[in-house]
Amino acid sequence: MRRTITLTFLTFLMWVPLLGQDYTKRFDESKMRERVIRLSADDFEGRGPGTEGGKRSAQYIADQMKASGIKPGNGSSYFQNVKMVGVKADPKTVLRTTAVDWDGKQFKFGDDFVATTSAQVADVSVNAQVVFVGYGIDAPLYKWNDYKGDAERYKGKILLILVNDPPATPDEPDLFGGKALTYYGRWTYKYEEAARHGAAGVILVHTNESAGYGWNVVRTSNGSWRYEIARQPGDTSPFLKVKAWVTNEAATGLVKSAGQNLDALKKAAQRRDFRPVEFSTKISIDLKSELKTFESPNVVGVVEGRDAKLNKEFVVYTAHWDHLGIGEPDARGDRIYNGAYDNASGVAAVLGIGEAFAKMPKKERPKRSLLFMFPTAEEQGLLGAEYYSLHPLVPLSKTAANINIDGVNFFGKTSDFSALGAERSSVESVIAEAARERNLTVEGDTRPEQGFFFRSDHFPFARVGVPSISVRHGDNFVTPLTGATKAFFQDYTAKYYHQASDEYKEWWDTSAMIQETELALAIGVKLANLSSMPRYKDSDEFSAADKKRFK
């Protein structure tokens with residue numbers, strides 16, 4: 001009888017879900033809420049890099065780490081300073097075309113276009129011929145090249161480029177990832193590739209569908225200060241004198257003034273045999289800007305792992321601390337872009353994770369060490385994380401993985417989540433195990449056309465070969481959303497993303513924040529305890545970079 005009971009119990013164990021350690025009680029809901037409120041407070045002035053509010057924000061994070069027992073991550077300092085150049089375009093700037101038969105003759109900054117410069121000088125003038133280069137992609141992997149013909153034809157020109165990837169076709173349903181946005185579709189790539197071809201400037205054509213957000217996001221994101229990592233003496237990297245966006249309506253007028261039809265050009269650009277179209281007209285822009293040079297820090301801290309050998313390797317958590325600062329007033333007259341969800345919530349989560357690790361007795365900690373980094377200038381093009389990837393405080397060969405958090409669920413607990421990028425590497429099995437232990441469903445990228453994998457601080461880590469994920473909450477809520485919570489969730493992109501209205505609300509559900517944060521901590525524990533480093537799959541585009549970092 002006893003033997004029968006034992007065998008039955010063992011059989012039962014084989015069928016029950018694996019139960020992992022639950023870290024929920026290691027988090028303090030009131031502290032989580034308090035950190036979000038503080039980071040998104042008006043006196044932090046929208047956490048703009050290089051501003052007094054930005055400095056206070058970075059210092060606050062460092063102070064929170066110190067109080068939690070997290071050690072400095074850069075020697076004796078919590079800061080890795082990044083030298084930047086800030087440019088703020090004069091809103092009186094206009095963009096003109098030489099066409100004599102077009103009624104408009106010029107475009108208005110903010111309403112029709114926005115522009116900045118990578119020249120890192122205050123005054124820039126460009127008067128150049130326009131060349132429409134379709135999607136502006138040169139991708140041998142897909143046998144696609146929009147830059148056909150003599151390379152000299154692009155030098156010194158202004159290139160008109162469509163956002164996103166060329167659409168898939170019935171014959172090629174997986175062209176450029178099918179529905180999913182690839183890096184070739186990102187605006188950052190368009191600028192980089194045009195600069196490599198010697199262009200003087202780029203004008204990107206905006207539509208809500210191709211960009212994934214409205215013109216209001218483009219306007220607020222580009223209507224104030226724009227930052228770049230300061231070029232060092234002797235740096236010969238190519239750059240654009242003018243980087244601009246135009247509305248689809250303005251682009252239609254611009255193209256019409258040159259005797260062309262924008263819809264016809266868009267259709268032609270969807271084919272491999274598309275050839276660039278040179279306009280007979282020129283565009284001129286005199287871009288005058290305020291200019292400032294400053295340093296803004298990545299804030300970094302470490303918690304040492306327990307294993308004498310493996311604690312020289314690190315799992316890196318990231319959550320950008322910056323937002324858009326002070327910008328254009330909204331309909332309420334509010335000019336402070338508080339960034340409560342984006343990304344005070346993520347900072348609060350990673351601070352909570354760091355504190356939980358720091359308070360573990362060393363014998364209970366995972367084998368590898370943990371590095372907590374709060375990058376600067378994510379909203380300006382992932383600049384802080386990009387700088388770190390080029391100047392890592394931990395060698396890339398000793399960096400096991402990156403877990404990024406950019407916006408934390410405060411709506412309500414869910415039964416699902418996603419980890420963007422997990423399928424690219426051996427991290428995938430770790431994610432699946434953490435999900436099983438919590439009876440959670442792992443969703444793939446539910447909006448692949450938005451290109452979220454390329455839009456936050458895990459991406460610079462991926463580019464240098466570090467297996468990287470970005471944890472995102474799902475939308476299958478245990479308790480259906482109602483009222484203000486439901487409205488915020490449904491309208492976030494249209495009404496709150498990069499707007500002054502992204503503010504802390506009293507109805508925030510911090511238990512939902514902790515659910516997501518606990519999951520991210522558990523994933524980190526598993527990665528830090530693996531017997532070998534996670535690696536990219538050989539089939540993935542980042543596999544070559546992964547191999548390179550171990551040479």
Side-chain angles (χ1 to χ4, degrees), residues 133-148 161-194 196 202 204-213 217 266-274 381-382 385-386 402 404 406 416-428 431-432 442-472 474-475 493 535-546:
V133 292
Y135 289 91
I137 295 173
D138 183 358
L141 176 67
Y142 294 101
K143 299 181 176 61
W144 191 285
N145 184 14
D146 289 323
Y147 289 91
K148 297 181 180 72
I161 300 178
L162 303 175
V163 178
N164 216 315
D165 299 312
T169 66
D171 293 334
E172 293 186 279
D174 295 324
L175 179 64
F176 286 100
K179 183 181 179 182
L181 179 71
T182 72
Y183 188 59
Y184 294 112
R186 290 285 292 143
W187 57 269
T188 47
Y189 167 81
K190 314 286 187 180
Y191 288 150
E192 292 166 4
E193 192 62 38
R196 286 191 283 267
V202 165
L204 300 177
V205 179
H206 173 271
T207 67
N208 292 0
E209 295 73 26
S210 62
Y213 39 74
V217 175
K266 287 181 177 180
K267 186 175 181 179
Q270 296 176 9
R271 297 172 53 91
R272 271 201 177 85
D273 59 1
F274 163 80
L382 319 182
E386 178 72 18
N402 168 234
N404 183 64
D406 192 354
D416 62 341
F417 75 98
S418 65
L420 300 181
E423 74 285 356
R424 296 173 175 268
S425 73
S426 57
V427 169
E428 184 175 33
I431 302 299
V442 185
E443 298 288 347
D445 189 349
T446 56
R447 289 185 288 171
E449 71 281 0
Q450 298 289 309
F452 286 123
F453 183 77
F454 311 105
R455 289 169 57 177
S456 196
D457 286 319
H458 57 287
F459 181 57
F461 281 88
R463 289 181 74 174
V464 294
V466 176
S468 304
I469 61 169
S470 190
V471 178
R472 301 178 66 87
D475 55 11
T493 299
R535 302 297 298 269
Y536 275 104
K537 298 176 182 178
D538 289 339
S539 58
D540 192 79
E541 61 187 298
F542 301 118
S543 176
D546 188 352

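Fair warning: this is a prediction, and the values are worked out from it, not measured in the lab.
- Closest non-hydrogen pair, Gly136 versus Ile161, comes out as N-CG2, 3.9 Å.
- The aromatic rings of Phe453 and Phe459 sit perpendicular to each other, their planes meeting at more than 60°, with 30° as the lower class boundary.
- The shortest side-chain heavy-atom distance between Tyr191 and Leu204 falls under the 4.5 Å cut-off.
- Under the rule for a ring pair (Phe, Tyr, Trp, His ring centres under 6.0 Å), the partners of Tyr142 that lie at least two apart in sequence or sit in another chain are Phe176.
- Take Asp165 and apply the salt bridge (charged side-chain N to carboxylate O under 4.0 Å, His left out) test, not counting sequence neighbours, and it matches no residue.
- Residues satisfying the side-chain hydrogen bond (donor to acceptor under 3.5 Å, both in side chains) criterion with Glu443, sequence neighbours excluded, are absent altogether.
- Atom OG in Ser470 sits 8.5 Å away from atom CG in Asn402 (nearest 0.5 Å).
- Residues Glu192 and Tyr183 form a side-chain contact, since some pair of their non-hydrogen atoms from C-beta on lies under 4.5 Å apart.
- Counting only heavy atoms from C-beta outward, the side chains of Arg455 and Leu181 never approach each other to under 4.5 Å.
- Nearest heavy atoms, Val163 versus Gly185: CG1-O, 4.1 Å.
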Apply the test side-chain contact (heavy atoms from CB on, under 4.5 Å) to residues Lys190 and Ile137: give CA-CA distance (whole Å), side-chain angles for both, the deciding distance (0.1 Å), then the verdict. CA-CA 7 Å; Lys190 314 286 187 180; Ile137 295 173; 4.0 Å; yes
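- In this structure, Lys266 NZ and Ser210 OG are separated by 7.0 Å, a value rounded to the nearest 0.5 Å.
- Residues Thr493 and Gly212 share a closest heavy-atom pair of CG2-O, 3.9 Å.
- Under the side chain to side chain contact (heavy atoms under 4.5 Å, CB included) criterion, Asp475 pairs with Asp416, Phe477, Phe489, sequence neighbours left out.
- Residues satisfying the side-chain hydrogen bond (donor to acceptor under 3.5 Å, both in side chains) test with Ser426, not counting sequence neighbours, are none.
- Just one residue in the list Thr207, Val205, Val133, Asp146 forms a side-chain contact (heavy atoms from CB on, under 4.5 Å) with Leu162, and that residue is Val205.
- Ala269 approaches Gly134 most closely through the heavy-atom pair CB-CA, 3.7 Å.
- Take Ser425 and apply the side chain to side chain contact (heavy atoms under 4.5 Å, CB included) test, not counting sequence neighbours, and it matches Val427, Pro467, Tyr536.
- For Ser539, the side chain to side chain contact (heavy atoms under 4.5 Å, CB included) partners two or more places apart in sequence, or in a different chain, are Lys537.
- The environment of NZ in Lys179 is sparse: at most 12 heavy-atom neighbours from other residues, nucleotides or ligands sit within 6.0 Å.
- Residues satisfying the salt bridge (charged side-chain N to carboxylate O under 4.0 Å, His left out) criterion with Arg186, sequence neighbours excluded, are absent altogether.
- The two residues Pro173 and Ala168 have their closest heavy-atom pair at O-CB, 3.3 Å.
- Take Asp538 and apply the side chain to side chain contact (heavy atoms under 4.5 Å, CB included) test, not counting sequence neighbours, and it matches Ser543, Lys547.
- Considering only residues two or more places apart in sequence or on other chains, Glu541 meets the salt bridge (charged side-chain N to carboxylate O under 4.0 Å, His left out) condition with Arg424.
- Counting only distance, with no hydrogens or angles, the side chain of Arg272 and the backbone of Lys143 share a donor-acceptor pair below 3.5 Å.
- Residues meeting the side-chain hydrogen bond (donor to acceptor under 3.5 Å, both in side chains) test with Trp187, sequence neighbours left out: none.
- Remark: Asp273 pairs with Arg271 by the salt bridge (charged side-chain N to carboxylate O under 4.0 Å, His left out) rule, at least two apart or across chains.
- The only member of Tyr189, Phe454, Trp144, Tyr135 that meets ring pair (Phe, Tyr, Trp, His ring centres under 6.0 Å) when paired with Tyr184 is Tyr189.
- Here the closest non-hydrogen pair linking Ala385 and Asp457 is CB-OD1, 3.3 Å.
- Residues Tyr213 and Asn208 have side chains not in contact (no heavy-atom distance under 4.5 Å, counting atoms from C-beta outward).
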